[in-house]
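Just so you know, these numbers come straight off a predicted model, no measurement behind them. Here is the naming used below: chain letters follow the sequence lines, and residue numbers restart at 1 for every chain.
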Protein chains: 2
Amino acid sequence: MDPHLLRTYVTVARLASFSEAARALGYTQSAVSQHIAALETDLGLPLLTRRPVAPTPAGERLLEHAGALLLRLDAARADLDRFAAAPRATLRVAASPLALHARTLAALPATGVTLRGLPPEQVPVAVVTGEADAGLVDGIAAPSDPLPPPDVAPLAATGVAEEPLAVLLPAGHPLAGRAGLRLDDLADARWLDAPDAGIPLDRLRAVHGGPAGGGFRTALRYEGTDTRTLLALAVAGHGLTLLPSPLAASVPGAVAVPLVAPRLVHRTELLLPPGVPAEPTGPVAEFTRRLRG
Amino acid sequence: MDPHLLRTYVTVARLASFSEAARALGYTQSAVSQHIAALETDLGLPLLTRRPVAPTPAGERLLEHAGALLLRLDAARADLDRFAAAPRATLRVAASPLALHARTLAALPATGVTLRGLPPEQVPVAVVTGEADAGLVDGIAAPSDPLPPPDVAPLAATGVAEEPLAVLLPAGHPLAGRAGLRLDDLADARWLDAPDAGIPLDRLRAVHGGPAGGGFRTALRYEGTDTRTLLALAVAGHGLTLLPSPLAASVPGAVAVPLVAPRLVHRTELLLPPGVPAEPTGPVAEFTRRLRG
DNA sequence: CGAATTTACGCACGGCGTAATGATC
DNA sequence: GATCATTACGCCGTGCGTAAATTCG
């Protein structure tokens, strides 16, 4: 279970080919073959079928473990590297689309910022691997409740903003006249699922906690990270979506109806690598101070 | 960052000696020295001071990462091993002291059981590393809320019992006459902290959520796992402790006063390795069926 | 001076590449 | 028959142990 072998294994599984993986990793086919053989011998199980190359059930399991392991390994290295590294002059922020709004944008220093837009689930990864100095993620939760922490390596999360939620309806929608909506009333409706741009339906089902996570069927799934597209899809009637009220209210051609029950908010959190709690100066410190202050 | 090196590193740190670690691992002192040197060179940081041997700040950090990494590595191996292993005839259960009560004991098969008593925090580890086939942990939570999942590798948790909570007071205690107590009223009292036998005070502070986790000062800390000792300490007036009501009510020489606010229960959960969801037969299946059914 | 870590050095094994073999569509 | 994975085999480098040197209490 050498990490090198695991890395080779996940690459082979991802590319579904020994030769491709060899090229990607800078090995020969032979070496890759030996890696896989070593793993299979060690574990006493076949991990991949050949022709076509695909993970066996046991291989699927190993994939989950290997992914988490390699990520944690990178995280550890990044964390230790921070100890030695000189404080950097530039601030690299990873942020999910809806985590960027007036409050957070205002806190960005005027200069020397690299802002990388990522799907929400990738933001913690970027912070933990040291690709970003800070992260901004959004999600839904009960008021003043934290978002569910990602199960990647430890991260310090601080809430920096909470806004009410609203359902975005195309003008003329039967429910568009309502003063407020309850989530229960919408469980049977058709929804947009935009896990990378908006709020994943899974999260909705989780907080709804209804009958074994049922309901909230997907009308259309959008896999990009462009919020404007998401809004346009909602306006065009491709499905419902939940948004922070201020944003929802600003969409022309649509009506934003407040969500009144259950009591949920759109929450934005600042993610920082743990430890080194208060480096006194530098762009990271300035950014966090302006967000928290 | 080879796992072998990490394993050597944590051993050296734990034993505070290169030579001891070498003996423990079956290496020579020389090899251990080379391992540590390799790690320090790789990371570009000193990890240990010599004479005395103790982790530097960076080394402390690496210890946290390394522990989690090595645990996940063992977990992955154990998980994959389960795929190949024949279903076992004997059931090995790891349980925290307060997780063992009428309900859970009744579910144990009449024969072929190995029951290992462990501190609550060790139970998930035992399950995840395959040292136990199932785990029983206890803790406090809001009614029908799950316990906070341990951040070790994935585990399937099912609630199997919830009981009301009571404060155990020595007979003659000023509050012993009360019909019910509120946690707020007790935040300034002196408590027993028995994280391995009872409910850790940290958890109490966490669910209380009061002013930055203050209050609940420790009068006496008991580090064993013997519940009888914990009860005796409470009876002898060494501090307050929170217990499941049925247990608290059965203690001679003490009074059990129900906890009325906040609404909390003592919850017991069954922990199982994930995946292989429903193996149809065998002692594990029987045990889980009797617990859930 | 003694205990314990570091460095020097040699050898053995592991792991990669080249090249030949084998399997599968 | 072509493509792709496996096996055979030789070489290089890593990593261990033995043993000498060094450091620190």
- prompt: Do A:Asp202 and A:Phe216 have side chains that get closer than 4.5 Å, going by heavy atoms?
  reply: no
message: From the set C:dC16, C:dT5, D:dA5, return the single nucleotide nearest to any side-chain atom of B:Phe18.
response: C:dT5
message: In this structure, how many angstroms lie between the P atom of C:dG15 and the CG atom of A:Asp42, rounded?
response: 11 Å
task: Would you kindly check whether a donor in the side chain of A:Ser30 faces an acceptor in the base of C:dT18, or vice versa, at under 3.5 angstrom?
output: yes
message: Could you check whether B:Glu286 pairs with B:Arg289 (Lys NZ or Arg NE/NH1/NH2 to Asp/Glu carboxylate O, under 4.0 Å)?
response: no
task: Whole angstrom is fine here: how far is it from CG in B:Leu39 over to P in D:dG15?
output: 11 Å
- prompt: Given atom NE2 of B:His4 and atom P of D:dT14, what is their separation to the nearest angstrom?
  reply: 17 Å
field: Minimum-distance nucleotide to B:Ser33 side chain [options: C:dT7, D:dG17, C:dG17]
entry: C:dT7
Only pairs under 3.5 Å count here: list side-chain donor-acceptor contacts from residues 25-34 of chain B, not counting sequence neighbours, and write none if there are none.
{"unit_1": "B:Thr28", "atom_1": "OG1", "unit_2": "B:Ala31", "atom_2": "N", "d": "3.3"}
{"unit_1": "B:Ser30", "atom_1": "OG", "unit_2": "B:Gln34", "atom_2": "NE2", "d": "2.9"}

task: Starting from the 5' end of DNA chain C, give me the residue, B:Ser19 or A:Leu5, whose nearest nucleotide shows up first.
output: B:Ser19
message: With a sphere of 6.0 Å drawn around CD of B:Glu60, does it hold more than 12 non-hydrogen atoms of other residues, nucleotides or ligands?
response: yes
Sugar-phosphate, base or nothing in reach of A:Val53, heavy atoms under 4.0 Å: sugar-phosphate
- request: To the nearest Å, give me how far apart OH (B:Tyr27) and C1' (D:dT14) are.
  value: 13 Å
field: Whole-Å distance separating the CD atom of A:Gln29 from the P atom of D:dA8
entry: 17 Å
Length of the line joining A:Arg23:CZ and D:dT3:P, which is rounded to integer Å: 12 Å
- request: Using atom CG of B:Leu48 as one end and atom P of C:dA4 as the other, report the distance to the nearest whole Å.
  value: 16 Å
task: Report the distance from atom NE2 of A:His35 to atom P of C:dC16, rounded to the nearest whole Å.
output: 3 Å
